[in-house]
Amino acid sequence: MTQVEAERLVELAKRRGFFLQSAGAYGGVSGFYTFGPQGAAMKRNVEATWRDRFAIQEGHMEVDAPTVLPEPVFEASGHLDGFDDMLVECPECGESHRADHIVEDTETGIEEAESLAPERIEEVIAEYELVCPTCGTGLAGQAIEQFNLMFETTIGPGSSSPGYLRPETAQGIFIEFPQLAEYARNQLPFGVTQIGRAYRNEISPRKSLLRVREFSQAELELFIDPEVDEPDLSAVGDVSARFYPAKAQDCEGGGVIETTIQKAVDNGIIADPWIAYYLGVAAEWYQRIGLDMDRFRFRQHRPGELAHYSEDCWDAEGDVSDPGKEPDWIELGGFAYRADYDLSKHDAHSEEDFTVFKQYDDPVTVEKPTVDPDMSYLGPEFGGAAGDVADALESLAEDTPDAFEGEDVTVEVGGDEYTVPVEKTGFAVEEMTESGEHITPHVVEPSLGIDRALYTALDHAYREDEVDGEERTYLSLPPEVAPTTVGVFPLMDKDGLGERAHEIADDLREAGFAVTYDDSGAIGRRYRRQDEVGTPYCVTVDYDTLEDGTVTIRDRDSTDQRRVAVEDLAATVEALVAGEETFATL
RNA sequence: GCGCCGGUGGUCUAGUGGUAUGACAAGAGCCUUCCAAGCUCUCGACCCGGGUUCAAUUCCCGGCCGGCGCACCA
């Protein structure tokens, strides 16, 4: 960013209809972008390739959850508490700092301040006379400002039912886990994908599409049995990528390692095989949508960056600097092993069961102490406490069956002791057959930003060159993601060329291609127009077409042309797009 | 949120206390047998609000938006 090429890319994006800042008529609004005709088409294509790779090819299901969800969902997920920042402003220099960080960074002995109440933070600041890290002014007495990154709304009239715009698409999957597991016939592993919008009320959106308040995510939640499920690493073992391990980031001159997924696992660079598997899948996908893999890497989170539930986490990063400049790495996606964190949270906070039943290969017989209290005795004897006494007896039997060996057994309920004759407890040791157990699946989560991927693909596709002494700008996008696949032009709009070209354009559309028809001005101008939006092929109808039924097809990157029979045109374009045919050998 | 700089047609831009320059793009036409050619015509702009002034796009203040730096990015 910041550099010349990025500015020209943003200018092209606006001029040609890839993306523009929203609500310009009303002064613009920071952090919101509208995809224009080219951008919307490209985004659709990018999402289609993601769907193909992460859902269809992997055999996973796709869902589409609401963007607004009720407050309890985010209480459970931790976003309500963990997603807000506590800011404190310095009265002297005006700098805002993370209050929880200031508290942590000193001799207070507090390591994890994020969960503390703002009032407590204020007390700690006053107590230890903490100062502004910028100018050294005391911060005692300054109010702590809460800033939650979630957009809040109300569901229905009144404010009794608060809701939030989801800050990530993932929760929409987690909360439906019980039903989704049913759809998967309770068989692990299974994966659920979602492509959708997510919202974060960023303090300071920046860098065009790269930091926005509304964006699209493509997420996969893979639910596994951690004890038995393993990925098929051979499917992506040969995929090569650049890896930037945490250790290398800590020391000076630490290097990026280029190797294959399989070798990265063998050498211990990537600890978790599932993470390794998805790094491989993702590397293939990023390459497929046109990223320059020399300007791409996987960076491992350093220990301090890791979320507390995550053992190992990697980010996909793309370099969006100008060629020859210092790299400017932006985060494109995250790959996290989330263990049972999310499902356990929702299991605890909701009424539903977020586990799956795992059947043993062979049923096991266990001796299980049970009670069957005689309520007709307990009731009259203990009155209102009878129910609690019965519960206490049940847990006692589970924990310490020995207690039932005497004549009487004593339990404590609400501070009072109750003694029950053993014969009234119905205590028995039963042989029970267990055919399996309930387990909470673990979650492997590849989470990718669509807008950032799209921006990076544009950045990496942006080219400037010269054709016959004229400057040319073009986007060398893969045909699969280019907004338009074929441009169709009559060499001139007369002598029936236009009519013939229209027929050909219609035929190509019927064959399923995204086609642009253009008969304005000189032919060269039309080629350049399509170059700027990344159209890979242009077909021109000329006088020979009327004579012998052939057209020229032009390759965007080389500007070379070949003659092709009209009846072979659709098949030829199809083969070119699929990569089964190259233009050079056409 | 703080600091610095900026905001003129779709895009890039000149300039000004008296309503604005040029280029590109776009539209119409002529010309044109494959790479932004030429000619004619047309369309189209001073971010918003307040202040100073006879008069503000211009000066001042505030806001919004953008770039950069700081902070933030669970």
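Numbers restart at 1 for each chain; the letters A, B, ... are given by sequence-line order, proteins then strands.
When the C1' atom of rC73(B) is taken as reference, atom NE2 of H79(A) falls 13 Å away, rounded to whole Å. Rounding to whole angstrom units, CG of residue L210(A) and C1' of rG66(B) are separated by 15 Å. Atom-to-atom, CE of M150(A) to C1' of rC72(B) comes out at 17 Å; the value is rounded to the nearest Å. Here the P atom of nucleotide rU11(B) and the CZ atom of F19(A) are 14 Å apart, to the nearest Å. The CD-P distance, from E168(A) to rC73(B), rounds to 16 Å in whole Å. In this structure, R206(A) atom CZ and rA71(B) atom P are separated by 11 Å, rounded to whole Å. Nucleotide rG66(B) holds its P atom 12 Å from the CG atom of L209(A), rounded to whole Å. Rounded to whole Å, the distance from CG on N201(A) to P on rG1(B) is 10 Å.
Taking atom P in both rG27(B) and rC47(B), one finds a spacing of 27 Å when rounded to whole Å. Using atom C1' as the reference point in both rG9(B) and rA25(B), the two lie 11 Å apart (nearest Å). If you take atom P in rC46(B) and the same atom in rU57(B), they sit 10 Å apart, rounded to whole Å. When the C1' atom is used for both rC60(B) and rG17(B), the distance is 13 Å, rounded to whole Å. Only the P atoms considered, rA56(B) is 11 Å distant from rU19(B), to the nearest whole Å. Here the separation of rC5(B) from rA45(B), taken at their P atoms, is 31 Å to the nearest Å. To the nearest whole angstrom, the two C1' atoms, one in rU16(B) and one in rC2(B), are 34 Å apart. Between the P atoms of rC54(B) and rU40(B), the separation comes to 46 Å (whole Å).
rG49(B) is paired with rC61(B) under the Watson-Crick or G-U wobble criterion, all donor-acceptor distances under 3.5 Å. rC43(B) is unpaired under the Watson-Crick or G-U wobble criterion, no partner having all donor-acceptor distances under 3.5 Å. With a cut-off of 3.5 Å on both pairing distances, rC73(B) has no Watson-Crick or G-U wobble partner at all. Remark: rU16(B) base-pairs with no nucleotide in the shown strands. Criterion, Watson-Crick or G-U wobble with two distances under 3.5 Å. Pairing for rG38(B) is with rC30(B), a Watson-Crick or G-U wobble pair whose two hydrogen-bonding atom distances lie under 3.5 Å. Nucleotide rC4(B) has rG67(B) as its partner under the Watson-Crick or G-U criteria, with both atom distances under 3.5 Å. As the counterpart of rG10(B), rC24(B) is assigned, both hydrogen-bonding distances of the Watson-Crick or G-U wobble pattern falling under 3.5 Å.
Residue pairs satisfying the salt bridge (Lys or Arg N to Asp or Glu O under 4.0 Å) criterion with at least one member in residues 490-500 of chain A, sequence neighbours excluded, are listed as follows: R500(A)-E503(A).
Every residue two or more places apart in sequence or in another chain that forms a salt bridge (charged side-chain N to carboxylate O under 4.0 Å, His left out) with D319(A) is listed here: R295(A). With sequence neighbours left out, D451(A) forms a salt bridge (charged side-chain N to carboxylate O under 4.0 Å, His left out) with no residue at all. Considering only residues two or more places apart in sequence or on other chains, E581(A) meets the salt bridge (charged side-chain N to carboxylate O under 4.0 Å, His left out) condition with none of them. Under the rule for a salt bridge (charged side-chain N to carboxylate O under 4.0 Å, His left out), E176(A) has no partner lying at least two apart in sequence or in another chain.
For the residue pair E464(A)/T473(A), the side-chain donor-acceptor check at 3.5 Å is not satisfied. The closest side-chain donor-acceptor pair between S344(A) and D342(A), if any, does not fall under 3.5 angstrom.
For the pair S204(A) and rA71(B), the criterion of a side-chain N or O lying under 4.0 Å from OP1 or OP2 is not met.
Shown here, rU42(B) is classed anti by the O4'-C1'-N9-C4 or O4'-C1'-N1-C2 angle, which is more than 90° from 0.
To the nearest 0.5 Å, atoms CZ (R526(A)) and SG (C538(A)) are separated by 10.0 Å.
Using a 4.5 Å heavy-atom cutoff, the side chains of R529(A) and T516(A) are not in contact.
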Please encode protein proximity along nucleotides 32-46 of chain B as a string of B, S and -, counting only heavy-atom distances under 4.0 Å.
BBBBBS---------
